[in-house]
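Taking it in order: structure first as structure tokens, then the write-up.
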Amino acid sequence: MSGRIAFEATRRATGDAGLTSAPFPLSTPIAIDTHAHVFTRDLSMASRRRYTPDYDATLADYLRHLDAHGLSHGVLVQPSFLGTDNRFLLSALAQARHRLRGVSVVDPVQITMQELTAMHHAGVRGIRLNLFGLPTPDLHSATWRTLCEHINPLGWHVEVHVPAVRLPEVLPPLLTADCRIVVDHFGRPDPAAGISDSGFRYLLDQAASGRVWVKLSAAYRLWPTEQSATLGHQATEQLLQAFTATRLVWGSDWPHTENQHHANYPRTVAWLRDWVTDPSTLRTLLATTPSALFDIEGDTL
């Protein structure tokens, strides 16, 4: 079944549930949300976590959001509070195999090449390195070099989630290991400094490597709600100038954990349309770039 046929079949099965009509009338059958999470509150949570959800974010709800906004595919990212237990993520990928890709969290010491290969066949295309509240591991170590040697041939990337000021200690060893890197949430500049943040300026300089991508996502995590749209626009302009749309992707960050009371899917979509008004640039950012990064273009697993 092709991705487009699966997309239409899922739309008919789930319905739009009264959600906003599709705002992305692109001349392409592919449009991708590259950052979302699914979970239920009764799952076993990681012992070391910063947040515990008190609600469910189901796959059915997420697919309805994709349908309502004209998005053909989505990327599910393993939530930090589930640790390295990727079973719920893999189950979700199996239920919508032709619409979803995944980013897992793995233990670099315990993970095996066989497990990584199995995840690849399930639709995983990257690993997440979430260092908020955690020290930076020794990315030059033999353990990390081996992990990079395992994921690079699969075409995977390392998704980096870290305050911008720490990017200079995280990106160089990963680039030295020939990894492709996807930097979360605008690079997470300091809210007070915004695009003047030294870490954000460092991120802009990394465009020359050709192996760094950035997600335009979760502006509400960086700046107060009333400033999110404006400052997100400013950051997008800077990133487009440095990286062009060929190294940028967009993510809804649904269900907006810890921010669900003031953030929602339609608002994140509206922001993107305000930030990127050129249809060709928007098409590249929503379709061409993420389809290649997440191996969606050919719709083969």
Side-chain angles (χ1 to χ4, degrees), residues 34-35 37 39 44-52 75-90 102-120 124-190 197-203 205-206 209-215 217-218 221-222 251 253 257-258 293:
T34 70
H35 197 103
H37 311 283
F39 52 83
S44 177
M45 302 286 166
S47 57
R48 295 179 62 184
R49 60 183 185 274
R50 294 178 294 112
Y51 171 72
T52 302
V75 177
L76 299 179
V77 177
Q78 173 77 345
S80 60
F81 49 78
L82 294 182
T84 60
D85 184 351
N86 296 283
R87 288 177 295 175
F88 195 77
L89 170 70
L90 296 174
V103 175
S104 62
V105 174
V106 303
D107 183 333
V109 175
Q110 298 184 0
I111 194 70
T112 66
M113 188 65 206
Q114 291 77 13
E115 290 171 314
L116 293 171
T117 301
M119 287 185 186
H120 184 80
V124 172
R125 292 298 182 268
I127 62 171
R128 192 182 201 201
L129 182 57
N130 188 340
L131 297 178
F132 258 76
L134 296 172
T136 301
D138 182 3
L139 298 173
H140 292 287
S141 68
T143 297
W144 272 96
R145 288 200 307 271
T146 298
L147 179 58
C148 293
E149 290 170 359
H150 285 164
I151 67 172
N152 288 346
L154 295 173
W156 289 18
H157 61 267
V158 179
E159 181 181 296
V160 172
H161 185 213
V162 65
V165 70
R166 294 173 58 191
L167 288 172
E169 66 189 50
V170 176
L171 267 53
L174 295 176
L175 289 171
T176 299
D178 290 327
C179 292
R180 299 198 296 177
I181 301 168
V182 177
V183 178
D184 263 352
H185 305 335
F186 293 94
R188 292 297 303 242
D190 180 84
D197 183 301
S198 62
F200 183 76
R201 309 314 298 178
Y202 170 84
L203 175 61
D205 291 339
Q206 303 315 300
S209 72
R211 297 207 309 279
V212 177
W213 286 253
V214 182
K215 286 188 181 181
S217 60
R221 295 190 185 278
L222 309 177
D253 195 38
T257 54
E258 300 182 81
L293 182 62

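Because the structure is a prediction, the values reported are computed rather than measured. Residues take their numbers from the sequence shown, with the count starting at 1.
- Put simply, the side chain of Gln206 does not reach to within 4.5 Å of the side chain of Val183, judged on heavy atoms.
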Using the side chain to side chain contact (heavy atoms under 4.5 Å, CB included) rule, take Leu167 and Val160 through it: C-alpha gap first, then chi angles, then the decisive distance, then the call. CA-CA 9 Å; Leu167 288 172; Val160 172; 4.2 Å; yes
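- Ring-plane geometry between His161 and His185 is classed as perpendicular, the angle between the planes exceeding 60 degrees on a 0 to 90 degree scale with a lower cut at 30.
- Across every non-hydrogen atom of Val214 and Phe186, the tightest pair is CG1-CA, 4.0 Å.
- Taking CG of Leu89 as the reference point, atom CG of Leu82 lies at 9.0 Å (rounded to 0.5 Å).
- With hydrogens and angles disregarded, no donor-acceptor distance shorter than 3.5 Å links the side chain of Asp205 to the backbone of Leu203.
- Inter-residue side-chain proximity for Arg211 and His157 is flagged as unmet; no heavy-atom pair is nearer than 4.5 Å.
- How far SG of Cys148 is from CG of Asp178: 9.0 Å, rounded to the nearest 0.5 Å.
- Between the CE atom in Met45 and the CG atom in Asp85 there is a gap of 10.5 Å [rounded to 0.5 Å].
- Smallest separation of non-hydrogen atoms from Met119 and Ile111: CE-CD1, 4.3 Å.
- Checking Glu115 against Thr112 by side-chain atom types alone, a donor-acceptor pair falls below 3.5 Å.
- A pairwise comparison of heavy atoms in Leu175 and Cys179 identifies CD2-O, 4.2 Å as the closest pair.
- The main-chain N or O of His35 is never found under 3.5 Å from a side-chain atom of Asp184 such that the two would form a donor-acceptor pair.
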Leu116 and Leu147: CA distance, side-chain angles, deciding distance, side chain to side chain contact (heavy atoms under 4.5 Å, CB included) verdict: CA-CA 10 Å; Leu116 293 171; Leu147 179 58; 4.1 Å; yes
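- No donor-acceptor pair closer than 3.5 Å links the side chain of Asp253 to the backbone N or O of Ser217.
- In this structure, the side chains of Thr34 and Val182 stay at 4.5 Å or more apart for every pair of heavy atoms.
- Residues Thr143 and Pro108 come closest through the heavy atom pair CG2-O, 3.3 Å.
- Rounding to the nearest 0.5 angstrom, the gap separating the CG atom in Asn86 from the OG atom in Ser104 is 5.0 Å.
- Heavy-atom minimum distance, Asn130 versus Ser80: ND2-CB, 3.6 Å.
- For the salt bridge (charged side-chain N to carboxylate O under 4.0 Å, His left out) condition, the pairs that include at least one residue of residues 136-164, sequence neighbours left out, are Arg128-Glu159, Glu159-Lys215.
- The side-chain heavy atoms of Ile151 and Val106, taken from C-beta on, include no pair separated by under 4.5 Å.
- Under a 3.5 Å cut-off, the side chain of Trp156 and the backbone N or O of Val124 do form a donor-acceptor pair.
- Counting heavy atoms from C-beta outward, Leu90 and Gln78 have side chains that stay 4.5 Å or more apart.
- Listed for the Arg125 side chain is a donor-acceptor partner under 3.5 Å among the backbone atoms of His120.
- Rounding to the nearest 0.5 angstrom, the gap separating the CH2 atom in Trp144 from the OG1 atom in Thr146 is 11.5 Å.
- Scanning both residues, Phe200 and Pro189, for their nearest heavy atoms gives CB-CB, 4.0 Å.
- Side-chain atoms of Arg166 come within 3.5 Å of backbone N or O of Leu131 as a donor-acceptor pair.
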